[in-house]
Asker: 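Let me begin by handing over the structure; questions about it come next.
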Amino acid sequence: MGMTMTQKILANGAGLEKVEAGQLIMAKLNLVLGNDITSPVAIHEMEKFTSKGVFDKDKIALVPDHFVPNKDIKSAEHCKCVREFANKNDITNYFEVGEMGIEHALLPEKGLTVPGDVIIGADSHTCTYGALGAFSTGVGSTDMAAGMATGEAWFKVPSAIKFNLVGKPAKWISGKDIILHIIGLIGVDGALYRSMEFVGEGIKYLSMDDRFTIANMAIEAGGKNGIFPVDDQTVAYLKEHTKREYKVFEADADAHYDEEYTIELDKLKPTVSFPHLPENTHTIDEVGDIKIDQVVIGSCTNGRLEDMRVAASILKGRHIAKGMRCIVIPATQNVYLQCMEEGLLKTFIESGCVVSTPTCGPCLGGYMGILAEGERCVSTTNRNFVGRMGHINSEIYLASPAVAAASAVRGCIAGPEDI
Amino acid sequence: MKAEGKVFKYGDNVDTDVIIPARYLNSSDPKELALHCMEDIDKDFVNNVKQGDIIVADKNFGCGSSREHAPIAIKAAGVSCVIAETFARIFYRNSINIGLPIMECPEAAKAIKAGDEVEVDFDSGVITDKTTGESFKAQPFPEFMQEIIKAEGLINYINSKK
């Protein structure tokens, strides 16, 4: 029996000819990532190792992005801890405010993630880099500490679910609609402990930004990782962003999949996840009249340039509804700069949005858009759990940038065709 | 090794945002995190939990964020063991890595009720509901994970290998 794409990458990382589902392996790591919330715990844990220092100063990325620019004194102390650790260990890829971005948008942009890599990050959305044909998965702070010290991590080789994407998505259908549809189909634990491998002729219609969004939310179905094959678009992206060499892996023709789904992209409609789980999906035509108070467009899921362009295309020449707050957060400094050069910032500001420096802030209820009791938000982020963005009696509706922008204009949940 | 305590019972998909809301993640002090453990799903939990008590939940416990603060908060609140039908994978890994005992046991998760007195034998994997007299057998850990658990966490395990 052959191996899945994920299994092949893990076998290569572990120096083995072959691995199978369920096998425990030690794999060498190409990158270890942490942010301002998870790294301080890892840095504290590092002190317990009998061997000191980091395994490779070039293969660690530290990105303060959750509560920066520092939202309060305690957050400032955390960031200081990360900064001092980075300085002491001469970490090459530490990104200070001013050059940082939301980690999962930033690292591919900086060329630090390439096909065939084995990557762990102390952030659950580390699975994003599967869009580039890498194995990447979220871990906790202790695994991050062990990774930084030893350059290795243990994995249980996952089995996989295959998603065969066919057909061409309609105009407003984005990666977000596709992944929300899939999560609605299989549930928030539908891929628990397993890989989600996306294949099929429909992939050629998906931009890299769409693929990042899809891989990013694999964790929202419980997946260990989400992964795409490497094609011409991937190669073009890599050419633009990295000088690193990489190795392309493909699933064997006789690889075993626990389950297979066919997703007809041409039949999908804009999709919204209702509170309080990403699996509570409804298509835009079934939503009804739901008044909202706030819109957030950004995050590691949907803060990339294409997301900004789509949102701006809807907001241009329009104004957001009276009483609405619309917070736009380009995910990296580079995306921000591009937005400025393309005139998107002007569009956002003229339409009544506020534009923020890169931060994860509102997505996890940190700062920059906390919800009061009873308030509703349409958000392009990834989780709509109880209390995620503020008060436990507030509500989050997850959607694409197109739906979010249209909803901001209408003042209620609306699709791009409704304005 | 055994644990014994009163059960706090929860349903499916208890996420890390309700185990420890992100508004408290500007701290990494276990004692401070413990003060807010389960706050958004059960505001009385921290007032009622006693050293040794046990959390029992249905499927996908600990889904969501990778924050190790979640098992840290549970452990620091005094909880001796979490039993669930299934765990989200990052939470599962984090619990083993920090030495919070967890058990996957669908039968126990289904049968045990809030307030029951439960005893867990970590060596045999037997879970006994002393209130009802029923007992259950949990899924055993792979040997490699047992070694991490015996070493009381991943870092001690790695240190012992050198």
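Just so it is clear: chains get the letters A, B, ... in the order the sequence lines come, proteins before strands, and each one is counted from 1. Because only heavy atoms are used, hydrogens play no part in the values below, and waters and symmetry mates are left out as well, while side chains stay in.
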Asker: With a 4.5 angstrom heavy-atom cut-off, which part of Glu143(B) approaches chain A: side chain, backbone, both or neither?
Answerer: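 Neither part, no heavy atoms under 4.5 Å.
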Asker: Determine whether more than 12 heavy atoms belonging to other residues, nucleotides or ligands lie under 6.0 Å from atom NZ of Lys156(A).
Answerer: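 For Lys156(A), atom NZ is not crowded (no more than 12 foreign heavy atoms under 6.0 Å).
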Asker: Would you say Lys80(A) has more than 12 foreign heavy atoms packed within less than 6.0 Å of its NZ?
Answerer: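 No, not enclosed.
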Asker: Where on Ile41(B) is there a heavy atom nearer than 4.5 Å to chain A: the side chain, the backbone, both, or neither?
Answerer: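 No part of it gets close to chain A.
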Asker: Which residues in residues 362-373 of chain A have any heavy atom closer than 4.5 Å to a heavy atom of chain B?
Answerer: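 Within residues 362-373 of chain A, near chain B: Leu364(A), Gly365(A).
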Asker: For Arg383(A), which atoms come within 4.5 Å of any heavy atom of chain B: side chain, backbone, both, or neither?
Answerer: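 Looking at Arg383(A), just its side chain touches chain B.
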Asker: Do Arg93(B) and Glu68(B) pass the salt bridge (Lys or Arg N to Asp or Glu O under 4.0 Å) test, and can you show the C-alpha distance, the side-chain angles, and the key distance before you say yes or no?
Answerer: CA-CA 9 Å; Arg93(B) 233 183 133 98; Glu68(B) 207 159 287; over 6 Å; no
Asker: Please look at Leu192(A) and chain B and tell me whether the side chain, the backbone, both or neither of the residue comes under 4.5 angstrom of a heavy atom of that chain.
Answerer: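 For Leu192(A), the contact with chain B is made by the side chain alone.
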Asker: As an exercise: rank Asn60(B), Asn26(B), Ile90(B) by heavy-atom pairs under 4.5 Å with chain A and give me the winner.
Answerer: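 That would be Asn26(B).
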Asker: Would Phe87(B) and Tyr193(A) count as a close aromatic pair, with their ring centres under 6.0 Å?
Answerer: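 Not close enough - the centres of the two rings lie 6.0 Å or further apart.
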Asker: Under 4.0 Å between a Lys/Arg side-chain N and an Asp/Glu carboxylate O for Lys113(B) and Asp129(B)?
Answerer: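 No, Lys113(B) and Asp129(B) are not salt-bridged.
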Asker: Chain A: which of Val18(B), Thr86(B), Ile155(B) shares the most heavy-atom pairs with it under 4.5 Å?
Answerer: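 That would be Ile155(B).
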Asker: Name the region of Ile158(B), side chain, backbone, both or neither, that has any atom closer than 4.5 Å to a heavy atom of chain A.
Answerer: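 Only the side chain of Ile158(B) comes within 4.5 Å of chain A.
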Asker: Measure distances from Tyr24(B) to the heavy atoms of chain A and classify the residue's part below 4.5 Å as side chain, backbone, both or neither.
Answerer: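 Neither part.
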Asker: Set out, in order, the CA-CA distance, both residues' side-chain angles and the distance that settles salt bridge (Lys or Arg N to Asp or Glu O under 4.0 Å) for Glu47(A) and Lys52(A), then state yes or no.
Answerer: CA-CA 8 Å; Glu47(A) 291 163 9; Lys52(A) 297 294 171 204; over 6 Å; no
Asker: Answer with side chain, backbone, both or neither: which region of Pro21(B) has an atom nearer than 4.5 Å to a non-hydrogen atom of chain A?
Answerer: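 Nothing of Pro21(B), per the 4.5 Å heavy-atom cut-off to chain A.
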Asker: Among Ile98(B), Asp12(B), Asn97(B), Thr16(B), single out the residue with the greatest number of heavy-atom pairs under 4.5 Å to chain A.
Answerer: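 Maximum pair count with chain A is reached by Asn97(B).
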Asker: Does atom NZ of Lys28(A) have more than 12 heavy-atom neighbours, drawn from other residues, nucleotides or ligands, at distances under 6.0 Å?
Answerer: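 No.
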Asker: Only pairs of heavy atoms separated by less than 4.5 Å count here; which of Met144(A), Lys48(A), His66(A), Lys224(A) has the most with chain B?
Answerer: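 With the most close heavy-atom pairs to chain B, the winner is Lys224(A).
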Asker: Checking heavy atoms, do the side chain of Ile96(B), its backbone, both or neither come under 4.5 Å from chain A?
Answerer: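 For Ile96(B), neither part sits under 4.5 Å from chain A.
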Asker: Once salt bridge (Lys or Arg N to Asp or Glu O under 4.0 Å) is applied, what residue pairs with a partner in residues 38-52 of chain B remain, sequence neighbours excluded?
Answerer: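 Output for this query lists Arg23(B)-Glu39(B), Arg23(B)-Asp40(B).
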Asker: With a 4.5 Å cut-off on heavy-atom pairs, point out which of Thr137(A), Asp143(A), Val188(A) contacts chain B the most.
Answerer: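 Top count of heavy-atom pairs under 4.5 Å with chain B: Asp143(A).
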Asker: Can you tell which part of Thr150(A) gets under 4.5 Å to a heavy atom of chain B, answering side chain, backbone, both or neither?
Answerer: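 Looking at Thr150(A), just its side chain touches chain B.
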Asker: With side chain to side chain donor-acceptor pair (under 3.5 Å) as the criterion, how do Thr301(A) and Asn382(A) come out once you've worked through the C-alpha distance, each side chain's angles and the decisive distance to 0.1 Å?
Answerer: CA-CA 6 Å; Thr301(A) 309; Asn382(A) 42 58; 2.9 Å; yes
Asker: Return the option, out of Ser27(B), Ala70(B), Gly64(B), with the maximum number of heavy-atom pairs under 4.5 Å with chain A.
Answerer: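 Winner by heavy-atom pair count: Gly64(B).
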Asker: If we count only N and O atoms by modelled type, under 3.5 Å, do the side chains of Asn225(A) and Thr6(A) hold a donor and an acceptor together?
Answerer: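 Side chains of Asn225(A) and Thr6(A): pair found under 3.5 Å.
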Asker: Is the side chain of Ser160(B) donor-acceptor paired with the backbone N or O of Tyr157(B) at a distance under 3.5 Å, no angle test?
Answerer: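 Checking the backbone N and O of Tyr157(B) against the side chain of Ser160(B), a donor-acceptor pair under 3.5 Å is found.
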Asker: Answer with side chain, backbone, both or neither: which region of Phe67(A) has an atom nearer than 4.5 Å to a non-hydrogen atom of chain B?
Answerer: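 Answer is side chain: those atoms of Phe67(A) sit under 4.5 Å from chain B.
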Asker: Is it the backbone or the side chain of Val41(A) that comes under 4.5 Å from a heavy atom of chain B, or both, or neither?
Answerer: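 Side chain only.
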Asker: Between Phe135(A) and Tyr129(A), is the gap from one ring center to the other below 6.0 Å?
Answerer: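 No, they do not, as the ring centres are separated by 6.0 Å or more.
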Asker: Of the backbone (N, CA, C, O) and the side chain (C-beta and beyond), which part of Ile73(A) lies under 4.5 Å from a heavy atom of chain B, both, or neither?
Answerer: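 Interface part for Ile73(A): neither.
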Asker: Is Ile54(B) close to Val82(B) at the side-chain level, that is, under 4.5 Å between some pair of heavy atoms?
Answerer: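 A side-chain contact under 4.5 Å is absent here.
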Asker: Tell me, with the steps shown, if Ser66(B) and Asp123(A) meet side chain to side chain donor-acceptor pair (under 3.5 Å).
Answerer: CA-CA 5 Å; Ser66(B) 70; Asp123(A) 186 280; 5.3 Å; no
Asker: Can you tell me which portion of Asp72(A) sits under 4.5 Å from chain B's heavy atoms? Options are side chain, backbone, both or neither.
Answerer: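 Only the side chain of Asp72(A) comes within 4.5 Å of chain B.
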Asker: Between Asp17(B) and Arg388(A), does any NZ, NE, NH1 or NH2 come within less than 4.0 Å of an OD or OE carboxylate oxygen?
Answerer: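 Answer for the salt bridge query: yes.
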